[in-house]
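Have a look at the structure below, then the notes.
Just so it is clear, the model here is predicted, and its values are computed rather than measured.
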4 protein chains.
Amino acid sequence: MSDKNWLDEILMLNDENTMSEKQKKIVAAAIEIFSEKGYASTSTNEIAKKAGVAEGTIFRHYKTKKDLLLSIVAPTLAKVVAPFLAKGFIKEVFEKDHQNYEQFIRTLLLNRYHFVKNHIPMVRIFLQEIAFQPELQSECKKIFTDNVYQSFQKITLHFQNKGEIVKFPPDTVIRMTMTTIIGFLMTRFLILPDQQWDDTIEMEDTIQFLMHGLANDHIEKEHSHIT
Amino acid sequence: MSDKNWLDEILMLNDENTMSEKQKKIVAAAIEIFSEKGYASTSTNEIAKKAGVAEGTIFRHYKTKKDLLLSIVAPTLAKVVAPFLAKGFIKEVFEKDHQNYEQFIRTLLLNRYHFVKNHIPMVRIFLQEIAFQPELQSECKKIFTDNVYQSFQKITLHFQNKGEIVKFPPDTVIRMTMTTIIGFLMTRFLILPDQQWDDTIEMEDTIQFLMHGLANDHIEKEHSHIT
Amino acid sequence: MSDKNWLDEILMLNDENTMSEKQKKIVAAAIEIFSEKGYASTSTNEIAKKAGVAEGTIFRHYKTKKDLLLSIVAPTLAKVVAPFLAKGFIKEVFEKDHQNYEQFIRTLLLNRYHFVKNHIPMVRIFLQEIAFQPELQSECKKIFTDNVYQSFQKITLHFQNKGEIVKFPPDTVIRMTMTTIIGFLMTRFLILPDQQWDDTIEMEDTIQFLMHGLANDHIEKEHSHIT
Amino acid sequence: MSDKNWLDEILMLNDENTMSEKQKKIVAAAIEIFSEKGYASTSTNEIAKKAGVAEGTIFRHYKTKKDLLLSIVAPTLAKVVAPFLAKGFIKEVFEKDHQNYEQFIRTLLLNRYHFVKNHIPMVRIFLQEIAFQPELQSECKKIFTDNVYQSFQKITLHFQNKGEIVKFPPDTVIRMTMTTIIGFLMTRFLILPDQQWDDTIEMEDTIQFLMHGLANDHIEKEHSHIT
DNA sequence: CATGAATGAGCATTCATTCAT
DNA sequence: CATGAATGAATGCTCATTCAT
């Protein structure tokens, strides 16, 4: 099965519009249990019970248990990539003059914040299984490279050339930006979700941290990064 | 069984000096396979084969498969905490005048860099299983709170009071520091280990990013963080 | 789980009407092998083979091997107690004038004779496992105390007061009666089943022995048992 | 291995005089645990631990686990048979004029009473395992037939001819006598050991019951037993 | 003699998957 | 489409037995 077909098929299969009631229940149950106990430690029997369907019903909709997992996790990929694919997104970043890197990461952070907030269990599953499912890894890498990375690089170079952000290698800038955003979101929603959080302040601080960290005032650098 | 006993026991049990040849082989095999396929998807039969011992031998040394896992993962905890426990560590940070936050994170980053570099499989296992093993979670939280966090907070306040770093809430500063370091190490060793890396430059940039991000020149802050 | 529920559940579960073909085969195979080799020395694999089902099928019907054992043995309890629970049984003993202790034990012996004759393997299993299964012991004691013993005591006192049988302590009379009956049945069916037996004569002799042994003509007793 | 050799060897092996300290501990531990949990459910590891020896030590003294069992149970056989083998025993019964059947069973009961009282765990083990160990069964049958049964039959015929006891078939008399004695001892020591027992009275009653049951005053017998 | 690490066959139990209804 | 009984390979774990020390 070619990579493209695999993902498409699953996305189509898991289009919420085409899913029967039972199927939706199965997916909901699977997400919940996978997220709590991990894919490998979850039995189809358990899923069936929680979904209120017969065990056989699961296999009527998904050829194997792993298919069920992928059908859950794969769409996450698409949704993560989505903003970068949104037609106007990059165009807007480039064209609007008043746009700056801060605006970009502010948008990005807010967007990711809402996504993670609304999909915690799915994100948990994704983070766990990306380590062990080669199909997921390659698909993820491909999607990231083809879509996110390219846009991200263009944006980085754009603002580096405008002298707005420091001239680290673009990959490094991307890494720092993503690391800071992901680090915040994971701490916020996965590691310490029960702690008291003032999200507005915390996000503002995170943006300030990122902007200062990447500000183009790194004067005394002994090595100059020219791209 | 009290938490302390549990960890101590396993640490003693897994002291490399007291381990027989076969036991070492078992641990080595387990680390490798757990790291590749995950704990739940690894069979004791597989471990035994790779270790070149009989399956029963595993259970002579470790009462259960989970005991084997914990005996591997638990020491990682101790080693991660180690530098913060070193007697002179904090004292040095405070007393030596030439010491600054940059020096601190530079030491920290280098130290963690070498640790992760030398224990990649164990770190992988740890990151996977911390999500599902409650014993691990609580022990981890306890060790972090009792040791790392306290030191880290003192250091943060120290340099905030010296006016060297920005007056975000200490927890936020700690989060940003850890996030940046861990983000780098994970990208470097787990996510993109095969990419070309110039570690010296990358680490220097990371430190610069962090120092600028936390530098005490956040002027226009609409909300002032006073501790 | 309350004792009552445990037994009831198993009885319901093992109602022959509600059992599938495969389940009946499993029970039949288990009874045979348990009876021959003992519960602990019988493997589920062996049972499955003899029953002509997959090993997994056993565990679809019985959660554990011990559940299978109890589901076989527990109903024996109920059947043993049955005659004492029969509504008319005691009433008849008391009310019909022509009824005497001999009539009572004659009925009892005959009834038990047919039961044991038709359930030899189950009785073997029961006798073996009662020694090691605490659930069985307590349930057995409870059922005996609540049902058999009370009836038996009433009957004994009744005929002692009528002057028909010797005034040993009722418990002693009960013990002698049961011992004699059980002793005969065990010799007949378990210890020497292959010997030539004229059951009619043997049972008649046993009744005579019992009646003479308990007849109220123990004159020279140095200790008088008054209840 | 011929039957005779098997038993002799074990008896010699288990002669308390020739046993080392460790061996005695092993036997003591085995008796205790076998008695509690049954032979099949007891692990050699468990025995070794309770005995305070290494597991290997058990197999230095007993070739297999079953050998250990037989070495424990087999001597019981010899001891049970002992009184019948005592040279003077039968002679005494026959020759002393004042001797009667009552005297005989009184001696028998008292003798067995003390034996069971002092060897409860061994008796438990014996009763459990006689059902499953063919070697034990055949040896037991042989010993009983060759020694006990013959003596018992002679004695029975003797007192039947003297008109002292009823002329049931000798086998029947033997069965009733044994059943009554064994029934008492099992109730007393195995089934209800915790109940309050006045052994003197209980045994006297049991003898009276037995003597009346076998007394030669069964007049109205419709079938005459002439041997 | 005693030890206890090592063995590997065997055990009860679980599980993803199939298929007749 | 949905069911759930049936499957049998696989799993974690136990155990009697061996043997080098």
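- Against DNA chain E, the stretch residues 33-40 of chain A makes no heavy-atom approach under 4.0 Å.
- Note on residues 38-58 of chain B: pairs passing ring pair (Phe, Tyr, Trp, His ring centres under 6.0 Å), not counting sequence neighbours, are B:Phe34-B:Tyr39.
- Considering only residues two or more places apart in sequence or on other chains, A:Thr57 meets the side-chain contact (heavy atoms from CB on, under 4.5 Å) condition with A:Ile26, A:Val53, A:Ala54, A:His61.
- Every side-chain contact (heavy atoms from CB on, under 4.5 Å) that D:Phe59 has, sequence neighbours left out, goes to D:Thr44.
- Not counting sequence neighbours, C:Lys66 has no partner by the salt bridge (Lys or Arg N to Asp or Glu O under 4.0 Å) test.
- In terms of the side-chain hydrogen bond (donor to acceptor under 3.5 Å, both in side chains) criterion, C:Lys49 has no residue partners (sequence neighbours excluded).
- In this structure, A:Gln137 has no side-chain hydrogen bond (donor to acceptor under 3.5 Å, both in side chains) partners at least two apart in sequence or on a different chain.
- B:Ser138 places a side-chain N or O within 3.5 Å of a backbone atom of B:Glu135 that can act as its donor or acceptor partner.
- For DNA chain F, the span of nucleotides reached by chain B at under 4.0 Å from its heavy atoms goes, 5' to 3', from F:dT11 to F:dT14.
- Residue contacts for D:Ser41: at a heavy-atom cut-off of 4.0 Å it reaches no nucleic acid atom on any strand shown.
- One N or O on the side chain of B:Glu55 and one on the backbone of B:Asn45 form a donor-acceptor pair closer than 3.5 Å.
- By the 4.5 Å heavy-atom criterion applied to side chains, B:Ser71 and B:Tyr62 are counted as neighbours.
- The local environment of NZ in B:Lys25 is sparse, with at most 12 non-hydrogen atoms from other residues, nucleotides or ligands closer than 6.0 Å.
- Here B:Lys22 reaches the OP1 or OP2 of E:dT7: one of its side-chain N or O atoms lies under 4.0 Å away.
- A 4.5 Å side-chain heavy-atom check between B:Leu69 and B:Ile72 finds every atom pair outside the cut-off.
- Remark: C1' of E:dC15 and NZ of A:Lys65 are 8 Å apart, rounded to the nearest angstrom.
- Side-chain contact between C:Met19 and C:Val27 is present, with at least one heavy-atom pair separated by less than 4.5 Å.
- Non-hydrogen atoms lying under 4.0 Å from DNA chain F are contributed by A:Val53, A:Ala54, A:Gly56, A:Thr57, A:Arg60, all within residues 45-60 of chain A.
- Judged as a salt bridge (Lys or Arg N to Asp or Glu O under 4.0 Å), and not counting sequence neighbours, B:Glu36 has no contacts.
- Counting only Watson-Crick and G-U wobble pairs whose two distances sit under 3.5 Å, DNA chain E takes part in these stems of three or more pairs: E:2-21 with F:2-21.
- Across all strands shown, B:Ser43 has heavy atoms under 4.0 Å from sugar-phosphate atoms exclusively, and none from any base.
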